[in-house]
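Working notes, structure below.
These values consider heavy atoms only, across backbone and side chains, with no hydrogens, waters or symmetry-generated copies. Here is how names work: the chains are called A, B, and so on, in the same order as the sequence lines, proteins then strands, and each is numbered from 1. These figures come from a predicted structure and were not determined experimentally.
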Amino acid sequence: MSENKDFLRVIIEEDLKSGKYKEVVTRFPPEPNGFPHIGHAKSIYINFGIASEYNGRCYLRMDDTNPTKEDTKYVEALKDAVKWLGFDWGNSVHFTSDYFPKLYDYAVELIKMGKAYVDSLDEEDIRKYRGTVTEAGKRSKYSERSIEENLDLFLRMKNGEFKDGEHVLRAKIDMNAANMKMRDPILYRIRHAHHFRAGDRWSIYPMYDFAHCLSDYIEGISHSFCTLEFENNRDIYDWVLDTLGLKSQRPYQYEFARLSINYTVMSKRKLLELVEGGQVDGWDDPRMPTIAGYRRRGYTRESILNFCDQIGIAKANSTVDVAQLEFCIRDDLNTKVPRVLCVLDPLKITIENYEGHEEIDAPYYPHDVPKDGSRKLPFSRNIYIERDDFNENPPKGYFRLTPEQPVRLRHGYIITCKKVIKDDNGNIVEIKAEYHPDSKSGDDTSGIKVKSAIQWVSAKEAKTVEVRLYDRLYSSESPESIEDLNPDSLKVIKNALIEPAVITEKPDERFQFEREGYFYADPIDYTDEKPVFNKIVGLKDSWGKKTKATQNTPKPQAKKVQVDGEVVAMNEVQKRLFNKYINEHGLNNEVANTLARDETLSSFYEKAISSLNSPISIANIVANEVAREIKENQGSQLKFSAAQIAELIKMVDDEIISNKIAKVVFEDMAKSGKNPTQIVETKGLVQISDPSKISPIIDEVIAKNPDNLAKFKAGNSKLLGFFVGQVLKATGGKANPKIVNQLVAQKLK
RNA sequence: UGGGGUAUCGCCAAGUGGUAAGGCAUCAGCUUUUGGUGCUGACAUUCGGGGGUUCGAAUCCCUCUACCCCAUCCA
């Protein structure tokens with residue numbers, strides 16, 4: 001776990017510390033209407049991860065309130081995903097549908113309180129009546145129904161006496177609410193549909209906003225984490241629980257940004273389209289960003305979990321670079337899997353001066369992976385190398401085999417090209433080569449220098465395998481539709497050649513094909529007769545990148561010009577005040593502007609200067625500090641008066657306290673409502689301006705920080721602030737900062 | 001356009017008045033019988049823009065801008 005805490009953990013630690021909850025209880029609440037993707041993995045990691053980190057619990061809850069969309073096969077997919085990621089949901093999976101009876105009772109209670117009513121408007125009217133984001137809505141005439149009538153209607157809705165859409169149950173909140181979600185949200189709708197778990201028992205089903213908060217409450221959830229798009233729904237969440245009086249030990253909702261990754265789509269709808277449109281081969285196609293897809297591709301749970309950890313949790317909408325995910329899987333597999341030799345695009349090599357056959361002992365792991373294990377690599381006169389590893393007209397910096405340049409066969413001998421054989425079309429079909437008998441790997445006395453070692457297989461012993469080369473599904477960085485699909489996202493190589501031990505010994509299911517990438521024995525299609533390997537991810541390739549980079553155009557990005565909008569003009573009263581502040585009180589434009597435009601501030605200001613003639617200093621504190629307090633308190637009574645602010649500024653003017661201390665005193669006043677003079681006295685905050693008192697403290701600070709002193713002397717002038725800060729800290733903020741600044745600057749010279 | 005959010009390096013992301021963390025990516029150098037790995041170093045005088053307050057501002061105040069979410073009987 002990273003050292004810095006994300007905002008969710010900060011909230012949890014505060015709540016635990018304050019005793020708001022004894023235990024952290026979270027839940028992962030997916031709707032079983034699709035396969036979980038890597039965005040769900042993030043949510044799983046957050047909910048299960050945080051719970052276990054704080055010794056709490058996390059439930060897996062299927063949010064199955066919509067019978068028309070959900071299916072038990074998705075329940076299984078969800079369970080598989082959570083389990084595969086290594087989390088444990090305890091005794092049983094929870095279902096919102098299990099709470100339908102309780103939810104119904106709560107709805108009845110709301111009706112009895114007069115807080116919910118049965119509305120009989122049709123769908124279109126409900127939409128019309130809701131208004132728009134800028135226009136208020138209007139309440140349905142049915143909202144006037146009596147409690148008895150509502151109760152009766154709701155019961156009959158439950159009993160299936162009405163058709164779909166005939167009535168709905170709505171909360172009675174506020175049709176004029178600025179938050180559209182609060183305009184009498186629908187709580188229940190009639191659905192004569194078969195529910196995959198509840199069967200045909202119900203003909204009414206609760207809406208998300210009603211079911212979710214109550215399910216959280218029923219389960220005793222403490223922290224209910226969801227994604228950003230539910231921010232507006234939090235008001236209903238709170239309204240339902242508060243209105244029902246479920247106040248103690250109730251859950252609170254917090255929102256974080258959902259995961260998006262470039263070159264990837266994450267919406268369930270788009271994923272479903274790919275599956276149904278046949279663009280991919282099912283939900284677990286290795287190109288899909290589903291957990292099942294990554295799993296089939298060969299990703300490990302550790303790599304996915306590590307990725308989730310690396311990307312962090314925050315509230316900014318962001319798109320993670322897919323390279324970060326690729327890093328995670330490489331990083332994990334690097335230390336785990338055996339290295340083997342596989343040739344994808346074979347080029348025949350005949351070693352003319354080699355007769356017979358031998359078996360080379362080759363370790364599975366490189367020198368820097370502390371694992372044991374080795375296999376026999378058959379070697380003979382006829383071998384294959386990668387077509388790419390020979391070049392007749394090599395570009396500059398090419399390290400592999402050329403007519404002039406010898407190359408090492410990994411774990412084997414050095415070979416030299418003697419003759420290039422071509423067919424009638426000029427294609428290279430074979431290389432005649434010679435090997436150097438005294439150059440055997442580990443026992444090389446030839447003295448020949450080669451620049452690289454390449455993979456190869458012995459023609460006779462090599463096994464034919466199918467290799468599926470997967471690339472990103474989309475070629476667009478932010479894909480919109482199937483137009484953006486990458487036509488080369490899958491290349492199937494039917495006749496790749498692999499060294500025999502991989503097939504006969506099966507030392508692992510994941511391998512690094514040396515110099516190529518990481519591969520996974522396909523868990524479904526692999527058979528001993530016809531082995532199939534999926535490419536998980538390629539190795540980092542600084543050569544390929546270099547050769548490509550020359551073609552890529554470096555695009556110079558013009559910096560965006562920022563246009564400033566019009567500022568709203570002041571009215572007459574404000575203008576008059578503004579002019580007065582500038583001309584009579586000598587305020588600067590900005591402060592005068594702030595004060596003049598805000599009536600609360602200007603009247604506060606007027607009051608304060610009536611008791612102390614220090615218009616500029618008072619204006620500054622009112623326009624800054626006081627303005628903040630007013631903003632934070634949102635209309636509730638301030639604990640301090642204008643006269644007290646004047647009293648505070650008087651002390652600053654008289655140099656009894658510094659500006660810094662004034663801020664400290666102000667915070668205290670705002671919180672406690674105490675008198676400023678009294679605060680200064682009881683806390684002993686009178687400032688220290690005597691250089692002979694400050695000097696030794698500075699010396700001490702300098703002596704304690706030799707590193708920073710050296711840095712400062714080396715030219716890092718920013719450190720002046722550091723030293724000033726340290727001295728101020730040492731004096732409890734009481735040292736006169738102006739004097740400290742001067743003295744420190746002097747001493748550091 | 002009303003309300004709710006968010007802006008810190010190419011991509012994530014710490015930081016809440018006193019030295020702009022870290023990871024990915026990128027670029028160098030060393031190591032290497034994988035153009036892999038590992039190691040070392042470089043990479044934000046500046047935090048969406050502009051003002052203001054302060055000895056000192058990414059952090060406080062004012063103001064402007066951009067982007068996301070909300071008008072499903074979806075979740």
Side-chain angles (χ1 to χ4, degrees), chain A residues 2-4 31 33 63 65-66 69 123 126-127 130-135 137 164-165 168 177-181 183 186 188-191 207-208 212 228-233 235 255 257 262 310-312 314-321 323-324 327 330 334-335 339 366-369 397 399 408 410-411 441-442 444 450-455 512 514-516 539-544 546 560 562-567 588-591 593-594 597 620-621 623-625 627-628 631 658-660 663 708 711 716 718-726 728-729 736-742:
Chain A
S2 35
E3 200 181 312
N4 293 294
E31 182 189 15
N33 67 344
D63 208 359
T65 57
N66 187 349
K69 288 193 179 173
E123 210 169 329
I126 285 184
R127 192 166 46 243
R130 191 146 37 215
T132 68
V133 288
T134 49
E135 298 157 48
D164 283 10
V168 288
N179 179 355
M180 295 289 295
K181 297 269 175 189
R183 321 250 256 227
I186 292 168
Y188 268 93
R189 77 287 214 184
I190 300 171
R191 266 308 99 93
M207 302 291 290
Y208 166 85
H212 202 92
L228 250 29
E229 66 271 26
F230 291 99
E231 273 173 326
N232 294 319
N233 301 61
D235 282 347
E255 311 86 14
N262 57 10
Q310 285 185 13
I311 56 175
K315 292 193 73 153
N317 277 314
S318 56
T319 302
V320 177
D321 194 335
Q324 187 109 24
F327 166 82
R330 281 193 203 103
N334 176 43
T335 55
R339 272 50 169 187
H367 62 95
D368 50 359
V369 173
F399 289 173
R408 175 175 297 282
R410 170 115 248 231
H411 297 125
S441 186
D444 184 357
V450 290
K451 292 206 174 91
S452 82
I454 61 172
Q455 69 268 38
Q512 186 195 101
E514 290 210 36
R515 305 207 310 131
E516 202 61 57
L539 256 26
K540 254 176 88 173
D541 179 9
S542 47
W543 169 249
K546 209 173 267 177
K560 262 189 235 153
Q562 177 137 331
V563 192
D564 271 15
E566 289 285 299
V567 180
N588 72 35
N589 259 304
E590 197 62 32
V591 174
N593 191 45
T594 306
R597 279 172 182 277
N620 284 341
I621 195 170
N624 288 287
E625 286 2 85
R628 182 179 69 244
K631 203 159 64 173
S658 65
N659 262 304
K660 189 185 178 82
K663 286 193 186 185
N708 283 332
K711 276 194 221 163
N716 190 347
K718 278 180 292 191
L719 257 17
L720 182 67
F722 164 76
F723 284 109
V724 173
Q726 290 296 306
L728 249 26
K729 204 173 174 186
N736 181 331
K738 280 185 203 170
I739 304 219
V740 173
N741 245 296
Q742 279 169 20

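- A/N588 comes within 4.0 angstrom of sugar-phosphate atoms only, judged by non-hydrogen atoms across all strands, and of no base.
- Residue-to-nucleotide contacts include a donor-acceptor pair under 3.5 Å from the side chain of A/N741 to the base of B/rC55.
- Once the 5.5 Å centre distance and the 30° plane angle are applied, the aromatic ring of A/F399 is found stacked with the base of B/rG35.
- Using modelled atom types, no side-chain atom of A/R515 and backbone atom of A/L539 make a donor-acceptor pair closer than 3.5 Å.
- No N or O donor and acceptor, one from the side chain of A/N4 and one from the base of B/rG22, sit under 3.5 Å apart.
- A donor N or O paired with an acceptor N or O is not found under 3.5 Å between the base of B/rU54 and the side-chain atoms of A/K738.
- Nearest nucleotide to the side chain of A/K631, out of B/rG52, B/rU34, B/rC62: B/rC62.
- The base of B/rU1 is not paired with the side chain of A/E135 by any donor and acceptor separated by under 3.5 Å.
- Minimum atom distance to the side chain of A/Q562 is reached by B/rG48, of the listed B/rC70, B/rG48, B/rA25.
- The base of B/rU37 lies outside donor-acceptor range of the side chain of A/N334, with no N or O pair under 3.5 Å.
- Listed candidates were B/rU34, B/rC70, B/rG35. Nearest to the side chain of A/S452 is B/rG35.
- A/K181 places its NZ atom 10 Å from the P atom of B/rA75, with the value rounded to the nearest Å.
- One can find a donor-acceptor pair under 3.5 Å joining the base of B/rG23 and the side-chain atoms of A/Q324.
- For A/K660 against B/rG18, a side-chain-to-base donor-acceptor contact under 3.5 Å is present.
- Contact check, A/S318 against B/rA13: a side-chain N or O comes under 4.0 Å of OP1 or OP2.
- In this structure, A/F399 and A/W543 have parallel ring planes: the angle between them is below the 30° cut-off, well short of the 60° mark.
- Using a 4.0 Å cut-off, some side-chain N or O of A/T65 falls inside it from OP1 or OP2 of B/rA75.
- The side chain of A/R330 lies closest to B/rA25 when the candidates are B/rA71, B/rA25, B/rU33.
- Both thresholds, 5.5 Å between centres and 30° between ring planes, are not jointly met by A/Y208 relative to the base of B/rA75, so the two rings are not stacked.
- Residue side chain A/R408 reaches the base of B/rU33 through a donor-acceptor N/O pair under 3.5 Å, judged by distance alone.
- With hydrogens and angles ignored, no donor-acceptor pair closer than 3.5 Å exists between the side chain of A/K729 and the base of B/rG18.
- For A/N232 and B/rG5, a side-chain-to-base donor-acceptor distance below 3.5 Å is absent, hydrogens and geometry of angles not being considered.
- Among the nucleotides B/rG36, B/rG23, B/rA14, the one closest to any side-chain atom of A/Q310 is B/rG23.
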